[in-house]
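Below: one structure, written as structure tokens.
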2 protein chains.
Amino acid sequence: MIDVARLAGVSVSSVSNYLSNYPYMKPTTKQHIQEAIDALGYVTNERARSLRSGRTGLISLSIPSLTQAYFAELAEEIIAAARRRGYGILIESTGFSRERELASVTAMASKTTDGLILSPLALENADIPRLRGDVPMVLLGERLFGVPAPHMLVHNVEVARKLTEHLIAAGCRTIAFMGGVLESDHMSAEALRTKGYVQALEAAGMPVRPELVAGIVGEATSRKGVELVESMFASGVRPDGIVCYSDLVAFGVLRQLREMQVRIPEDIRVVSIDNLDESQYTVPSLTSVELGRHEIAELAVDSILRQLKEGRAPGEEIYADYRIIHRESSPAV
Amino acid sequence: MIDVARLAGVSVSSVSNYLSNYPYMKPTTKQHIQEAIDALGYVTNERARSLRSGRTGLISLSIPSLTQAYFAELAEEIIAAARRRGYGILIESTGFSRERELASVTAMASKTTDGLILSPLALENADIPRLRGDVPMVLLGERLFGVPAPHMLVHNVEVARKLTEHLIAAGCRTIAFMGGVLESDHMSAEALRTKGYVQALEAAGMPVRPELVAGIVGEATSRKGVELVESMFASGVRPDGIVCYSDLVAFGVLRQLREMQVRIPEDIRVVSIDNLDESQYTVPSLTSVELGRHEIAELAVDSILRQLKEGRAPGEEIYADYRIIHRESSPAV
DNA sequence: ATGAAAGCGCTAACAC
DNA sequence: GTGTTAGCGCTTTCAT
């Protein structure tokens, strides 16, 4: 930078000002500086800039795993949102380990990044105090509540209720929930979605039959979807509508139903939540709910940038808009 | 750090030495320093450290899109490999844009990260000169050759040849390639894999029939797999074995074959390349090739770290091991 | 085995 | 409008 200043015949501060788009500068000065920069092939050293300015231009994104399509697609959106604002994203894949989730919080203190977008899956309520601090932070998902930081949430109850209402409106009378849980001690996406399903049934005066709610142990994969359908049908239960916990589960449900020569949607309607990229390509294509990934990404990044200016924000809950996308597995009625 | 030094009754250099595991230190000194660190809750400022030391502890990973399962799974492996070595990964998702791929190269000059793992998809041979420089770099994939940097590759020809040989050994006599290209002016994964398929047929004295090689325009999705099967069968061609360009394509192929009541593997065997997570859960589960993602990730990160010490490495080509994973769609013979 | 001091390359007051 | 200067918090010779 000194070299640039010297070649342009100005001071380093003028070069710095120019680089920061300082408005009050003589056009000729700006021009000289730009010429010197071009001649020398000068590039600002972001490390030095960040040491001095206190900003790195980086935001940490801590998610369970990129192997899960939902998180990969969310990460993609967050990276795009950050890039539009001139920021980069440092991804930490935490597996499902509490230690690694905590580590990403601790790492913030070393100022490698300007903020943290955290999607906890293993942290416990007891860990909440460790999430205090003045580092810009945004939480994702329903694992933790009461953290003093903005929290991006999805209308889980409402989404599942609307889907179930849709099935009822379409004439379904025996509606199963694949990947649900009727009794739960803490809030989880499963529990909330099941709650919406129950609400819709009750509002319609329909019974809630436990044998229609199949739970998943461990990760919600499409293999689980296959197994749930198999065992439900084996036990003689025969639904005419299925709400799936997620698209991944739905993929398995669709496959197994086709395996069993069930016509979709004629015999059984299938609806789900996540609207993965892949869901438009399944056979039949899947009716699913777009959870507002794009909006979540934009709001999360914006919130980090705002907190950077105004300080850590308090524990507000922000709900993203959703949209049911009707496809072949359950057309609109 | 000054505070820690003061509290511990030592100099800042001793604190720095301690933090860098300098060996020749009196145990009591080390202890005093650690106590002061604990008492003050001191955390090293990585920004300052990186300005002075020239290292950021970050590596850029530039890939087309996290939405593509192959890249998401590769990214996951690279993040894990980097973490094991105390490094973080900054992901740049380049879409399929040449500008963004170039941007990630330029960004390196600003020293935000210590190296770049680049998977180009849109760069052209004319861009190769811009990839010179002294920044640690590793290339991924078959888009560009002749770049002066280590290049991680997959045995595309060999993998496709082995898969085809397997089908031949299993008794298949009419083997299709879904997502191949017989004539191509540049090296691409499609062209190379098709080449391996052709080699195997020729070695077995079997004819190469163009109507058995179906090309894909645009992104290789499972929807394309569905369409290719539909149109091939519609035109009266009836293979007894199918090699798919990728697992995503294979997912569509499997679905469409089942839709058409074809028994797999009895009537048609299906094999593919990528071994995505999901491939073990399809119905039937998919015989596929594990391309050594793990090894690629390890070698790529190691190479960056080595280049950091020894300077930019020359343009060597490194091939990762692969492994055919036999599943239901085509069991081993 | 430990300390003093000189920067790394930049930004931000503040002076002019 | 532009220049001077004092650090940001750390690492790294080089002394001792």
Side-chain angles (χ1 to χ4, degrees), chain A residues 1-37 40-58 86 106-114 134-135 308-309, chain B residues 1-37 40-58 86 106-114 134-135 308-309:
Chain A
M1 189 152 150
I2 292 177
D3 295 341
V4 173
R6 196 144 34 201
L7 184 59
V10 297
S11 72
V12 286
S13 10
S14 287
V15 177
S16 175
N17 280 337
Y18 173 69
L19 258 17
S20 326
N21 296 311
Y22 185 68
Y24 313 110
M25 291 187 79
K26 216 159 64 182
T28 55
T29 315
K30 292 186 6 179
Q31 191 192 324
H32 289 148
I33 294 175
Q34 184 56 56
E35 283 167 9
I37 287 176
L40 267 42
Y42 169 83
V43 190
T44 48
N45 181 326
E46 294 294 337
R47 299 197 270 236
R49 186 203 283 260
S50 75
L51 172 58
R52 186 61 238 234
S53 68
R55 301 284 165 84
T56 57
L58 264 31
T106 317
M108 289 306 306
S110 65
K111 313 272 187 183
T112 359
T113 58
D114 295 342
D134 47 5
V135 183
L308 217 41
K309 286 207 194 76
Chain B
M1 190 153 150
I2 291 177
D3 295 342
V4 173
R6 197 146 33 203
L7 184 58
V10 297
S11 72
V12 285
S13 358
S14 288
V15 178
S16 175
N17 281 335
Y18 172 71
L19 257 19
S20 328
N21 295 311
Y22 185 67
Y24 313 110
M25 293 189 78
K26 217 157 65 180
T28 54
T29 314
K30 288 172 36 164
Q31 191 193 326
H32 288 149
I33 294 175
Q34 185 55 56
E35 284 168 7
I37 287 175
L40 266 41
Y42 168 82
V43 189
T44 50
N45 181 327
E46 294 295 337
R47 298 199 270 235
R49 185 203 283 262
S50 74
L51 172 59
R52 188 60 237 238
S53 68
R55 301 287 164 82
T56 57
L58 263 31
T106 317
M108 289 306 307
S110 65
K111 314 272 187 185
T112 1
T113 57
D114 294 342
D134 49 5
V135 184
L308 216 41
K309 285 207 195 76

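Computed from a predicted structure; not experimentally measured. Lettering of chains follows the sequences in order, A, B, ..., and the numbering in each one begins at 1.
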Rounded to the nearest 0.5 Å, how far apart are [atom1] of [X] and [atom2] of [Y]?
X      : Y     : atom1 : atom2 : value
A:K111 : B:T44 : NZ    : OG1   : 12.0 Å
B:L51  : B:T56 : CG    : OG1   : 12.0 Å
A:E35  : A:T28 : CD    : OG1   : 10.0 Å

Letter per nucleotide, 5' to 3', of nucleotides 7-16 of chain D [B base touched, S only sugar-phosphate touched, - untouched; heavy atoms, 4.0 Å]: BBBBBB----
State which residues pass side chain to side chain contact (heavy atoms under 4.5 Å, CB included) with A:V12; sequence neighbours excluded, sorted by chain then number. A:M1, A:I2, A:A5
Who pairs with A:L7 by side chain to side chain contact (heavy atoms under 4.5 Å, CB included), at least two apart in sequence or on another chain?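 Result, side chain to side chain contact (heavy atoms under 4.5 Å, CB included) vs A:L7: A:A36, A:A39, A:L40.
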Could you tell me how far apart [X] ([atom1]) and [N] ([atom2]) are, to the nearest whole angstrom?
X      : N      : atom1 : atom2 : value
A:R55  : C:dA12 : CZ    : C1'   : 14 Å
B:K111 : C:dC10 : NZ    : C1'   : 15 Å
A:Y18  : D:dG3  : OH    : P     : 15 Å
B:N21  : C:dA1  : CG    : P     : 16 Å

Kindly state each residue pair satisfying salt bridge (Lys or Arg N to Asp or Glu O under 4.0 Å) with at least one member in residues 41-52 of chain A, sequence neighbours excluded. A:E46-A:R49, A:R47-B:D114
Could you give all pairs that pass the salt bridge (Lys or Arg N to Asp or Glu O under 4.0 Å) test and reach residues 5-14 of chain A, with sequence neighbours left out? A:D3-A:R6
Could you work out, with side-chain hydrogen bond (donor to acceptor under 3.5 Å, both in side chains) as the rule, every residue matching [X], not counting sequence neighbours?
X      : value
A:S50  : none
B:T106 : none
A:R55  : none

Could you tell me whether A:T29 contacts a base, only the sugar-phosphate backbone, or nothing, with contacts defined as non-hydrogen atoms closer than 4.0 Å? sugar-phosphate
Side-chain donor/acceptor pairs under 3.5 Å, residues 16-26 of chain A, sequence neighbours excluded:
residue	atom	partner	partner atom	Å
A:N17	ND2	A:S13	O	3.3
A:Y18	OH	A:Q34	OE1	2.5
A:S20	OG	A:S16	O	2.7

Can you pull out how bent the helix from C:dA1-D:dT16 to C:dC16-D:dG1 is, comparing the axes over its first five and last five pairs, to 10°? 30°
Give a yes/no on whether any side-chain N or O of A:S14 is located under 4.0 angstrom from OP1 or OP2 of D:dT2. no
Protein N or O to nucleotides 14-16 of chain C N or O, pairs below 3.5 Å:
none

